[in-house]
Every structure is written in structure tokens, then in C-alpha cells.
Amino acid sequence: MDNGEVLLKVEDLCQYFKIGPGNELKAVDHVSFDIKKGEVFGLVGESGCGKTTTGRSIIRLYDITSGSVYFKGQRICAGVRSYKDAIKQACLDYETKAAPYKGKQDEESLQAIARLKAERDEILLDQKAKMQAARYDHKNCNKLYAQEQVKKIEAEYAPLLAAETDEEKKAALLKEKNEKVRLAKKDRIMNSMQMIFQDPIASLNPRMTVREIIAEGLIIRGIKDKKYIDEQVYRVLNLVGLVEEHAGRYPHEFSGGQRQRIGIARSIILNPDLIIADEPISALDVSIQAQVINLLNGLREQLGLTILFIAHDLSVVKYFSDRIGVMYYGKMVELAPSDELFDHPLHPYTKSLLSAIPLPDPEYERGRKRITYNPLAEHDYSVQQPTMREVKPGHFILCNDAEFAKYTEEVNKVKA
Ligand SMILES: Nc1ncnc2c1ncn2[C@@H]1O[C@H](COP(=O)(O)OP(=O)(O)OP(=O)(O)O)[C@@H](O)[C@H]1O
Ligand SMILES: [Mg+2]
């Protein structure tokens, strides 16, 4: 999976919410990770740590504060705070450095001020360009994607058209190409990314039939052919284990598990590449949780889906995820392949999460000790702030130099 094509890349994502004057809540704070095509990436952490906010930011339900999100190679979200901060900092630095020379007329002082100004202006220019590019990409991602798709179709058909000597066949080919171009122009990159919500009751409009709910995406996309819409609705209903007769009914006529199936059907109708599943089973009865997980796993294989799977419980994501990211208070604290995370957790918060999972083994249960995580006692970040570092290939952890040394030692001990 390591060499796979990256489908989603989240880079330094920050989502800060204003809470009162001059006050911000850093719901997501400098989070980075990527998801490869075909992969299931689990995002876990306790309530309020920023999982939903991460998902909603990626799918553009919020404008992000800072950072970038790339999807299928195209930047779809970009925030400008970091560039603004860099500009502010450059101006402050200039004021501090230039202070001793201010008001002086000697050649040396004048030169120093000119040099510092040039230094500052270079940073300003660079950051302003980045800001402009970010705003442009954020605003135009769908248009840029459509242009890219059209270009690809043109490139695919150009040699075919050039090689075709039969006029009639050539005309047919041209018609085929033009139809593809017409649809591609309407294609939005965000159609390839869909979300399944935590609460299957609240997320389905009670006044709409199942058919209307599921078909909404197609209709928004400008598809009007009723027969085609029905075919697609029945196709996805079958995929999620429901039947055609269900299409005419209303959400309240279904059980919780069935409603979540309707939510899943809605999310796959546009043939997305990426599904963001935000705790899709936590509102469900334990007895049907496994069914929904199995359904998602089956769809992943059948449709080649890539899934960002959000959960607060590590045991749920263990078997389903290829890699897992652990979040704590807006930060990603550890990221590793699923087995690695369970077998060799390094961050004390991950260890605490793992210690909370009960196992169906009485012997183990008797000896199981819940580890509580106390960040103030665990970390001393007074000298140096932590950053995400790779302790061993594919295993990342939020730490500073001192902790990195400690974790590296721990890793080597395991190997020995
Ligand atoms: N629109 C908003 N405005 C202000 N604060 C918000 C907003 N949305 C979320 N928050 C806050 O951001 C933090 C992260 O919330 P989020 O919903 O992302 O957590 P979560 O990890 O999904 O939790 P849960 O497991 O309970 O779903 C919380 O403190 C929450 O109160
Ligand atoms: Mg949530």
C-alpha cells in the first residue's frame, strides 16, 4: 500500500472557530496526513477532538483557516492564515531589526535599512503570491478540474481521430468525444467525494421519499432522464442490501440500520472515489454495527472506494482500517499502519485509548489496567514544541527532540 497513488492529501490543516471576541477554538490544529487510493484510513480520538471538523473541512462544509487539501492531485481547499501570519511576522521583524538605524543619516545606517526593507519585501511578495494562489485554487477547484478532464478527453481522442480514415467512423468518434466533453464540463471534483453522517435519522429529510433522497445528487448534477435516474437508484439500493420497493417509502418507515443503508446508497450514487464516513455506526444497535461495517467493506472492494473512517472507538477501526491516525484536542498525535499501532503504540494518549478496549478474555480483563493520559505530566514542551516525526518507516508521532530520542530507543528495544 506504501507506493500507492495518493488520493487525498491533507497538509497542515487548521480550522479555528471564533468563540467570542478575540477568542478562538483550535478545533483542528496543523493536521497532516494522506490517504492512498483504495485505502481505509481510520481517524480516532475522543469526543470533541476534531474528527468531524476535519471531515467537514475536507469536504468544504467549512472554509479552512489555514493549510491545504489536495484531492486527485488538485488543491480543493486552501486557507490563508499562515501566509497572513508570515507577513505580520516579517513586518514585526523588520521593525525590531531596523529600530537601531532609524532616524540616522550615516551611510551605514541607510544601507542597513535598505537591506532590511528589501529582505522584508521579498517575504511579503512571496507570501502574497501564495495567498493569491490559495484563494484562486479554493475558489476555482471545480472549474480547474473540469478543464483538466476536458483536456484529458481531447488528448485521448486526438490520435484516434487523426488515425481514422473512414469518414463515417470518424464522425461517430467525434460525436462520442463531444458528448464526453459536454459531461466533463459539468463535472465537479467535489462530486467524487461524499460523506456519510453519524446520525442516520437527522441526516435524512423526513418529507422526501427514499428515491428522492438517493437521487438528489443526480438531479443537482443536471440529469433529467427519469428512467436513468430510476435505474441508478435501484442499482445503489441493491448494492446496499435494500430492494426496489423501498424507493417509494419514507425514512421513518425504516430501522436505524436500514436508514444508514439509505445514507450509504445516497453517498455512492455519483460513483465517488472517496467516502468520508463520520461515525456511521455509533448511533446503531451493537447487533447491526457489524453488518454496516461489512457492507462498507464489501462496497470498498466492489466499487474500489477509498474511505476516511471516523470513529471514537479504536476497536471499531482495527480490522477495517489499513492505517490509523489518532487525534487529541485538534492535533494528530500518532499515525501508523493499523497492526503497528495496536502492537507497538508509542504515544501515551494512544496507549491510554488502547487500555480502554475490553477484550473477551477473562484472564486479560482481570489484569487490564486503564491508563489515564495526563498531558501535563507526560510532556515537557517548555523548551521545544512538538512536531510530527517518523520514528520508524510509516510510524509517525507528535514529539520534540527529547521525546524523539526516547521513542527511538523504545522502537529499537522492541527490535532487539
Ligand atoms: N461550527 C462550530 N463552531 C464552533 N465550535 C465548533 C463548531 N463545530 C465544532 N466545534 C468545536 O470544535 C471541537 C471539535 O468538534 P468535533 O465535532 O470536530 O469533534 P469530534 O471529534 O467529531 O467529536 P464527537 O466524537 O463527539 O463527534 C469541539 O470543541 C466543538 O465544540
Ligand atoms: Mg464527530
Side-chain angles (χ1 to χ4, degrees), residues 8 10-33 35 40-67 69 76-77 79 81 138 193-204 256 259-260 263-264 266-267 274-286 289 292-293 296 307-318 320-321 323-335 341 347-350 352-357 372-373 375-376 388 398:
L8 183 84
V10 175
E11 205 174 72
D12 237 355
L13 174 69
C14 297
Q15 181 65 62
Y16 302 164
F17 292 116
K18 278 212 173 65
I19 45 164
N23 222 344
E24 276 183 332
L25 181 114
K26 297 183 172 180
V28 180
D29 199 17
H30 295 285
V31 163
S32 298
F33 61 95
I35 307 183
V40 175
F41 188 95
L43 194 60
V44 300
E46 65 200 55
S47 183
C49 72
K51 304 177 298 291
T52 296
T53 306
T54 302
R56 288 177 151 255
S57 299
I58 292 171
I59 204 157
R60 288 172 62 105
L61 287 171
Y62 301 132
D63 283 341
I64 65 175
T65 306
S66 181
V69 178
I76 55 167
C77 311
R81 173 76 69 88
H138 192 87
M193 187 192 286
Q194 297 290 328
M195 194 150 177
I196 302 171
F197 295 93
Q198 181 163 355
D199 186 346
I201 299 160
S203 64
L204 303 177
R259 283 180 207 170
Q260 197 53 293
I264 295 171
R266 171 176 62 182
S267 76
L274 178 72
I275 295 281
I276 299 179
D278 186 6
E279 305 210 35
I281 60 164
S282 59
L284 302 179
D285 213 71
V286 175
Q289 287 187 349
V292 174
I293 289 279
L296 280 171
I307 302 177
L308 172 59
F309 190 89
I310 297 172
H312 59 260
D313 184 350
L314 260 174
S315 57
V316 171
V317 292
K318 179 174 183 182
F320 188 40
S321 307
R323 286 187 302 145
I324 295 174
V326 179
M327 279 184 81
Y328 182 77
Y329 272 96
K331 302 237 187 240
M332 184 81 88
V333 296
E334 188 159 10
L335 194 168
L341 192 85
H347 197 279
Y349 178 62
T350 313
S352 135
L353 272 187
L354 285 169
S355 77
I357 303 178
T372 46
Y373 175 54
L376 290 177
M388 209 58 174
L398 186 72

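Whatever order the structure lists ligands and atoms in, that order sets their numbers, starting from 1.
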Open item on the list: When you compare the side chains of Tyr16 and Asp29, does any donor N or O come within less than 3.5 Å of an acceptor on the partner?
Closed with: yes
TODO: Please work out which of Thr53, Val44, Asp313 has its closest non-hydrogen atom nearest to atom 18 (O) of ligand 1.
DONE: Thr53
Open item on the list: Does ligand 1 come near enough to Ile19 that some N or O of the ligand is less than 3.5 Å from an N or O of the residue?
Closed with: no
TODO: Give a yes or no on this: more than 12 heavy atoms of other residues, nucleotides or ligands lie within 6.0 Å of atom OH of Tyr329.
DONE: no
Open item on the list: Quick check on Gly45 - does any of its heavy atoms sit under 4.0 Å from an atom of ligand 1?
Closed with: no
TODO: Work out whether the distance between some heavy atom of Met327 and some atom of ligand 1 is less than 4.0 Å.
DONE: no
Task: the Mg ion (ligand 2) reached by Thr52 (N, O or S, under 2.8 Å) - done: yes
Open item on the list: Suppose I only count heavy atoms of Leu25 and a 4.0 Å limit; which atoms of ligand 1 are within that range?
Closed with: 11 (C), 12 (O), 13 (C), 29 (O)
- [ ] Taking only heavy atoms of Thr52 into account, list the atoms of ligand 1 that are under 4.0 Å away from them.
- [x] 17 (O), 18 (O), 20 (P), 22 (O), 27 (O)
Task: Shortest heavy-atom approach to atom 1 (N) of ligand 1 - which of Phe17, Tyr329, Tyr16 - done: Phe17
- [ ] State whether a side-chain donor-acceptor pair under 3.5 Å links Glu334 with Thr350.
- [x] yes
Open item on the list: Closer than 4.0 Å and a protein heavy atom, does any atom meet both conditions relative to atom 24 (P) of ligand 1?
Closed with: yes
TODO: Have a look at Gly55, Ser47, Cys49, Ser57 and point out the one with the heavy atom closest to atom 26 (O) of ligand 1.
DONE: Ser47
Task: Under 3.5 Å: N/O of Thr54 near N/O of ligand 1 - done: no
TODO: With heavy atoms of Ala27 as the reference, note each atom of ligand 1 found under 4.0 Å away.
DONE: 12 (O), 13 (C)
Task: Heavy atom of the protein closest to atom 28 (C) of ligand 1 (residue, atom name, distance) - done: Gly48 O, 3.8 Å
Open item on the list: With rounding to the nearest 0.5 angstrom, report the CG to CD1 distance, Leu274 to Ile58.
Closed with: 7.5 Å
Task: Side chain Gln260, main chain Ala283, donor-acceptor under 3.5 Å - done: no
Task: Short side-chain donor-acceptor distance under 3.5 Å, Glu46 and Tyr349 - done: yes
TODO: For the pair Ser32 (side chain) and Asp12 (backbone), establish whether a donor and an acceptor sit closer than 3.5 Å, ignoring hydrogens and angles.
DONE: yes
Task: Verdict with supporting geometry, Tyr328 and His347, ring-ring contact (aromatic ring centres under 6.0 Å, His included) - done: CA-CA 11 Å; Tyr328 182 77; His347 197 279; 7.7 Å; no
- [ ] Output the distance between atom CD1 (Ile276) and atom CD1 (Ile59), rounded to the nearest 0.5 Å.
- [x] 4.5 Å
Open item on the list: Within ligand 1, which atoms have a heavy atom of Glu279 less than 4.0 Å away?
Closed with: 24 (P), 25 (O), 27 (O)
